[in-house]
K.L.:
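Just passing along the structure, written as structure tokens.
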Amino acid sequence: MKSQGPTSQYEWTPAELRNAIKAAGVALWTWNVDDDTFIMDAKAYELWNVSSDRALTFEDLSAKIHPADRDRVRAAFVATRAVNGPYEIDFRILTDASNVRWVSARGEGSAGDVVARRTTGIFLDVTGRKQAEEGHELLAGEMSHRVKNLLALASGLTAITARAAGTKEEMVQQLTQRLTALGRAHDLVRPLPGGQGSAALLGDLFAVLLAPYDATGAFAGRIRVAVPRMGVGEKSATSLALVIHELATNSLKYGALSDEAGTLDVSGTTLEGEVEIVWTEQGGPEVQPPQVAEGYGSKLLHRTVTGHLGGAIAYDWTKSGVLVTLRIKDECLSV
């Protein structure tokens with residue numbers, strides 16, 4: 001191919017320009033300021049979803065602009081009459097009752113436009129870019145919200161653990177275990193597409209958080225989980241993780257999990273507006289109801305279940321092992 005010299009000296013043919021415009025998805029428009037008529041190419045009519053069978057005015061297009069953007073766009077288009085240089089504005093249009101598109105209107109003003117009483121520019125469909133930007137903003141907001149919640153929770157746990165622990169070493173161990181349980185729970189909770197929130201499965205939450213304790217006995221499978229298949233929201237997953245950790249820690253210290261032959265069964269049923277979870281320990285040392293006031297761990301359990309999860313917790317101190325019944329409201333479990 002023979003060189004054409006410097007790019008600045010090359011003149012593209014009308015056919016080449018049309019192909020470039022088509023490839024870029026560019027829609028052309030011209031606005032006659034005097035009679036308010038709007039002339040557009042076929043791509044623009046398709047973008048705005050308007051008929052090309054009749055004359056089009058700026059007011060006709062304005063009716064399709066999102067009400068929240070309409071005044072801003074009108075003011076910007078009026079201002080283009082006196083603009084020397086590039087201009088650009090992004091706004092939303094309603095192609096039908098429920099379909100929203102983002103459009104970018106761009107142009108280059110000059111003194112000639114003012115004299116000719118016309119202004120010309122392009123429309124670009126930037127819906128994909130705007131949706132990606134909104135997605136990034138939502139993700140950033142979600143991450144900021146979750147970090148703030150975790151920091152507040154960590155601060156509260158630190159205060160509770162400091163009051164309960166006898167030594168700093170014991171405090172470090174207890175606090176680390178509690179925070180690790182929260183980390184495992186949050187690993188399970190993922191944002192769902194389309195702004196549907198976040199969810200984990202109830203069975204997965206129990207299985208993952210109890211897995212480390214299953215490895216401490218003489219045989220595998222001494223912890224069995226059989227709960228309804230249902231979703232758990234981000235906030236309730238955090239609260240339930242604390243409950244599971246406290247119950248498992250107590251069992252490891254005093255209950256069935258402290259004995260190599262001990263077993264733990266976690267079962268669940270759905271009731272009207274509630275889920276009932278029964279924690280059954282067997283095969284461990286004989287248990288007795290506590291003779292002293294509630295410790296900080298028990299207070300944490302009670303506060304979490306009755307407060308954050310909107311439910312109730314009850315203990316049955318049988319000789320074969322403790323039986324704990326949790327009742328949680330469905331509406332609290334899903335958030």
Side-chain angles (χ1 to χ4, degrees), residues 1-138 193-194:
M1 181 176 175
K2 193 171 182 179
S3 174
Q4 299 291 331
T7 303
S8 59
Q9 297 178 4
Y10 183 80
E11 292 188 7
W12 279 268
T13 66
E16 288 173 326
L17 292 175
R18 281 193 296 270
N19 287 337
I21 289 172
K22 182 179 179 181
V26 171
L28 303 178
W29 57 267
T30 294
W31 179 31
N32 188 311
V33 175
D34 289 331
D35 60 14
D36 198 39
T37 55
F38 227 86
I39 301 170
M40 304 194 303
D41 65 2
K43 179 68 177 178
Y45 279 101
E46 177 188 342
L47 174 63
W48 284 77
N49 192 28
V50 293
S51 173
S52 58
D53 296 338
R54 63 181 181 84
L56 190 66
T57 67
F58 179 70
E59 284 305 311
D60 292 331
L61 286 186
S62 293
K64 304 211 67 169
I65 297 173
H66 193 286
D69 297 340
R70 193 170 295 150
D71 290 343
R72 177 173 61 86
V73 174
R74 280 176 173 163
F77 265 81
V78 169
T80 61
R81 301 176 183 179
V83 168
N84 260 322
Y87 52 85
E88 176 181 350
I89 183 172
D90 294 351
F91 54 91
R92 291 162 292 180
I93 63 173
L94 301 170
T95 56
D96 55 44
S98 59
N99 189 24
V100 178
R101 285 180 184 164
W102 275 95
V103 171
S104 180
R106 305 176 186 181
E108 182 85 19
S110 68
D113 292 336
V114 177
V115 174
R117 306 289 292 168
R118 291 186 308 181
T119 181
T120 298
I122 66 167
F123 291 130
L124 286 175
D125 186 344
V126 293
T127 305
R129 172 170 63 83
K130 287 293 185 179
Q131 288 176 342
E133 290 174 357
E134 290 172 356
H136 291 153
E137 289 175 3
L138 285 173

K.L.:
So do the side chains of Arg106 and Pro86 get within less than 4.5 Å of each other, counting heavy atoms only?
P.N.:
no
K.L.:
Using the ring-ring contact (aromatic ring centres under 6.0 Å, His included) criterion, which residues pair with Trp102? Sequence neighbours excluded.
P.N.:
none
K.L.:
Run the side-chain contact (heavy atoms from CB on, under 4.5 Å) test on Asp36 and Trp31 for me, step by step, so that the C-alpha distance in whole Å, both residues' side-chain angles and the decisive distance to 0.1 Å come before the verdict.
P.N.:
CA-CA 7 Å; Asp36 198 39; Trp31 179 31; 3.1 Å; yes
K.L.:
If a pair satisfies salt bridge (Lys or Arg N to Asp or Glu O under 4.0 Å) and one of its residues is in residues 55-72, list it, with sequence neighbours excluded.
P.N.:
Arg54-Asp60, Glu59-Arg74, Asp69-Arg72, Asp69-Arg92
K.L.:
Please enumerate all residues that pass side chain to side chain contact (heavy atoms under 4.5 Å, CB included) together with Asp53, with sequence neighbours excluded.
P.N.:
Ser51
K.L.:
Yes or no on side-chain hydrogen bond (donor to acceptor under 3.5 Å, both in side chains) for Asp41 and Trp29, after CA distance, side-chain angles and deciding distance?
P.N.:
CA-CA 7 Å; Asp41 65 2; Trp29 57 267; over 6 Å; no
K.L.:
Under a 4.5 Å cut-off applied to non-hydrogen side-chain atoms, are Thr57 and Ser62 in contact?
P.N.:
no
K.L.:
So do Glu133 and His136 actually touch side chain to side chain, heavy atoms under 4.5 Å?
P.N.:
no
K.L.:
Keeping Arg101 on the side-chain end and Thr95 on the backbone end, is there a donor-acceptor pair under 3.5 Å?
P.N.:
no
K.L.:
Rounded to the nearest 0.5 Å, what's the gap from CZ on Arg129 to CG on Leu124? Could you check?
P.N.:
9.0 Å
K.L.:
In the structure I gave you, are the side-chain heavy atoms of Leu61 and Met40 within less than 4.5 Å of one another anywhere?
P.N.:
yes
K.L.:
Is it true that, when you exclude Lys43 itself, more than 12 heavy atoms of the residues, nucleotides or ligands shown sit nearer than 6.0 Å to its NZ?
P.N.:
no
K.L.:
Looking only at heavy atoms, what is the nearest atom pair of Ile122 and Leu28, with distance?
P.N.:
CG2-CD2, 3.7 Å
K.L.:
Say you draw a straight line from OG1 of Thr37 to CZ of Phe58; how long is it, rounded to the nearest 0.5 Å?
P.N.:
12.5 Å
K.L.:
Start with the C-alpha distance between Ile65 and Trp48, add both sets of side-chain angles, then the distance that settles side-chain contact (heavy atoms from CB on, under 4.5 Å), and finish with yes or no.
P.N.:
CA-CA 9 Å; Ile65 297 173; Trp48 284 77; 3.9 Å; yes
K.L.:
For the residue pair Phe77 and Phe123, categorise the inter-ring angle as parallel (less than 30°), tilted (30 to 60°) or perpendicular (more than 60°).
P.N.:
tilted
K.L.:
Run Val100 and Leu94 through side-chain contact (heavy atoms from CB on, under 4.5 Å) and show every step you take.
P.N.:
CA-CA 5 Å; Val100 178; Leu94 301 170; 3.5 Å; yes
